[in-house]
There are 2 protein chains.
Amino acid sequence: MPGRYQWQNRFRENVCRWTVPREVILALLSRTTEHLTAKDIYGSLYSMYPGIGLTTIYRTLELLHRLGLVHKVAAGDGQSRYALKREDKGDHHHHLICTKCGKIVDYRDFVQEELELVKKTEEALAKKHNFAITDHNIEFLGLCEKCR
Amino acid sequence: MPGRYQWQNRFRENVCRWTVPREVILALLSRTTEHLTAKDIYGSLYSMYPGIGLTTIYRTLELLHRLGLVHKVAAGDGQSRYALKREDKGDHHHHLICTKCGKIVDYRDFVQEELELVKKTEEALAKKHNFAITDHNIEFLGLCEKCR
DNA sequence: ATTATAATTGAAAATGATTATCAATATCTA
DNA sequence: TAGATATTGATAATCATTTTCAATTATAAT
């Protein structure tokens with residue numbers, strides 16, 4: 001399981017315990033590139049881990065987000081979706097979001113150009129609006145292959 | 001009141017009636033550049049129009065969004081925010097979103113450059129991922145002047 | 001290996017944003 | 001003016017998420 005010891009270390013550094021539900025959720029997220037909702041995760045884990053509660057999923061995702069281990073994306077349909085951050089490979093990407101089914105497709109084309117513009121924009125905006133910028137989103141909305 | 005007749009026409013074209021709650025909501029949105037939540041609007045209108053229900057606000061905002069008259073932004077705090085579209089002046093903008101209070105600040109700096117890159121990106125992504133793109137978001141997250 | 005401490009969990013309840021239902025009302029066409 | 005129908009507003013419901021609290025688990029110390 002990739003990243004296991006890094007994850008454990010990150011937990012310890014933040015006075016968080018390394019528990020079975022947390023390990024299992026991280027493992028699931030590491031096995032997919034999909035952006036998953038809390039319920040997706042709950043459903044996927046149910047057969048192997050029926051005792052893991054939906055509340056635990058929500059709390060764990062919020063913790064992982066706070067620790068900077070996952071991306072949290074609000075696709076506009078009232079639910080949040082999560083994906084493991086994979087910046088170990090300098091992996092930065094942006095999103096295509098389907099407005100019908102909520103599916104999120106990653107893309108990396110043009111990301112370099114986008115990041116260049118983002119960097120320039122960020123500095124100027126931070127100064128002009130007195131805004132402490134911590135992150136950015138670039139996303140395209142529309143209908144995915146299945147929904148069009 | 002700017003846009004009143006255009007709005008009425010747009011409503012008629014879509015077999016929608018021109019009603020007092022709708023007129024009042026549009027007027028409020030036209031008087032501000034802020035992105036407002038349904039509850040912001042409900043609260044702002046309450047003194048003058050106490051009979052307008054929150055349900056009506058929600059339904060009307062959804063209609064206005066469907067008619068392409070307002071922007072709908074999910075700032076990530078579980079609520080949607082709305083602002084009147086002002087493309088009559090070719091007014092395109094992107095957003096700074098405060099992750100603490102949810103406030104949305106518009107910016108237009110770099111929008112021309114961003115739109116150039118967006119256009120190029122859009123065409124390539126639509127083709128590569130078989131995605132019918134209808135809109136895009138560019139936003140920076142962080143803390144606003146008040147929250148930092 | 002055991003024990004104590006405290007973090008974490010899971011079920012149930014609660015909260016808040018939003019939507020559905022339905023009788024009453026308002027708009028608009030003829 | 002009358003009739004048809006869209007719309008409204010109050011209430012109930014739905015759903016995503018969070019809070020509460022007793023029980024359980026992880027882990028450090030011995």
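Order of the sequence lines fixes the chain letters, A, B, ..., with proteins taken first and strands second; residue numbering starts at 1 for each chain.
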- Non-hydrogen atoms of A:Tyr107 and A:His95 that approach each other most closely: CE2-N, 3.6 Å
What pairs of nitrogen or oxygen atoms, one from the protein and one from nucleotides 13-16 of chain D, lie under 3.5 Å apart?
{"unit_1": "D:dA16", "atom_1": "OP1", "unit_2": "A:Lys39", "atom_2": "NZ", "d": "2.9"}
{"unit_1": "D:dA16", "atom_1": "OP2", "unit_2": "A:Lys39", "atom_2": "NZ", "d": "2.6"}
{"unit_1": "D:dA16", "atom_1": "O3'", "unit_2": "A:Gly78", "atom_2": "O", "d": "3.3"}

- Closest non-hydrogen contact found for B:Ile52 with B:Pro21 is CD1-CA, 3.8 Å
- Query: D:dT18 C1' sits how many Å from A:Ile57 CD1, rounded?
  - Reply: 15 Å
- Message: Do A:Leu64 and A:Ile41 sit in one hydrophobic cluster, given that two such residues count as connected whenever their side-chain heavy atoms are within less than 4.5 Å of each other, even indirectly?
- Response: yes
- Task: Compare every heavy atom of A:Ser80 with every heavy atom of A:Lys72, then report the nearest pair and how far apart it is.
- Result: CE-OG, 3.4 Å
- Task: Quick one: list whatever passes side chain to side chain donor-acceptor pair (under 3.5 Å) with B:Thr37, sequence neighbours left out.
- Result: B:Asp40
- Task: Take the angle between the ring planes of B:Tyr46 and B:Tyr42 and call it parallel below 30°, perpendicular above 60°, tilted in between.
- Result: tilted
- Item | Spacing between A:Leu61 atom CG and D:dT17 atom P, to the nearest angstrom | 9 Å
Could you list the protein-to-nucleotides 20-25 of chain D atom pairs, N/O on both sides, closer than 3.5 Å?
{"unit_1": "D:dT20", "atom_1": "O4", "unit_2": "A:Arg59", "atom_2": "NH1", "d": "3.3"}

- Walking along DNA chain C from 5' to 3', note the first and the last nucleotide with an atom under 4.0 Å from a heavy atom of chain B, and give both. C:dA17 to C:dC28
- Message: Between B:Arg12 and B:Thr37, which residue's closest nucleotide on DNA chain C lies nearer the 5′ terminus?
- Response: B:Thr37
- Message: Give me each pair satisfying side-chain hydrogen bond (donor to acceptor under 3.5 Å, both in side chains) with a member in residues 136-148 of chain B, each pair once, sequence neighbours excluded.
- Response: A:Asn130-B:Glu145, A:Asn130-B:Arg148, A:Asn137-B:Glu139, A:Glu139-B:Asn137, B:His92-B:His136, B:His94-B:His136
- Item | Donor-acceptor under 3.5 Å (A:Thr60 side chain, A:Arg22 main chain) | no
- Query: Which residues in residues 41-48 of chain A have at least one heavy atom lying under 4.0 Å from any atom of DNA chain D?
  - Reply: none
- Task: Return the value, rounded to whole Å, for the distance between atom CH2 of B:Trp18 and atom P of D:dT7.
- Result: 13 Å
- What are the two closest heavy atoms between B:Ala75 and B:Gly102, and how far apart are they? CB-O, 4.0 Å
- All heavy atoms of A:Tyr82 vs all of A:Leu29, minimum pair found to be O-CD2, 4.0 Å
- Side-chain donor-acceptor pair under 3.5 Å between B:His65 and B:His71, yes or no? no
- Should the pair A:Glu34-A:Arg81 be classified as a salt bridge under the 4.0 Å nitrogen-to-oxygen rule? no
- Message: Does D:dA6 have OP1 or OP2 under 4.0 Å away from a side-chain N or O of B:Arg22?
- Response: no
- B:Arg86 versus B:Ser30, closest heavy-atom pair with distance: NH2-O, 3.5 Å
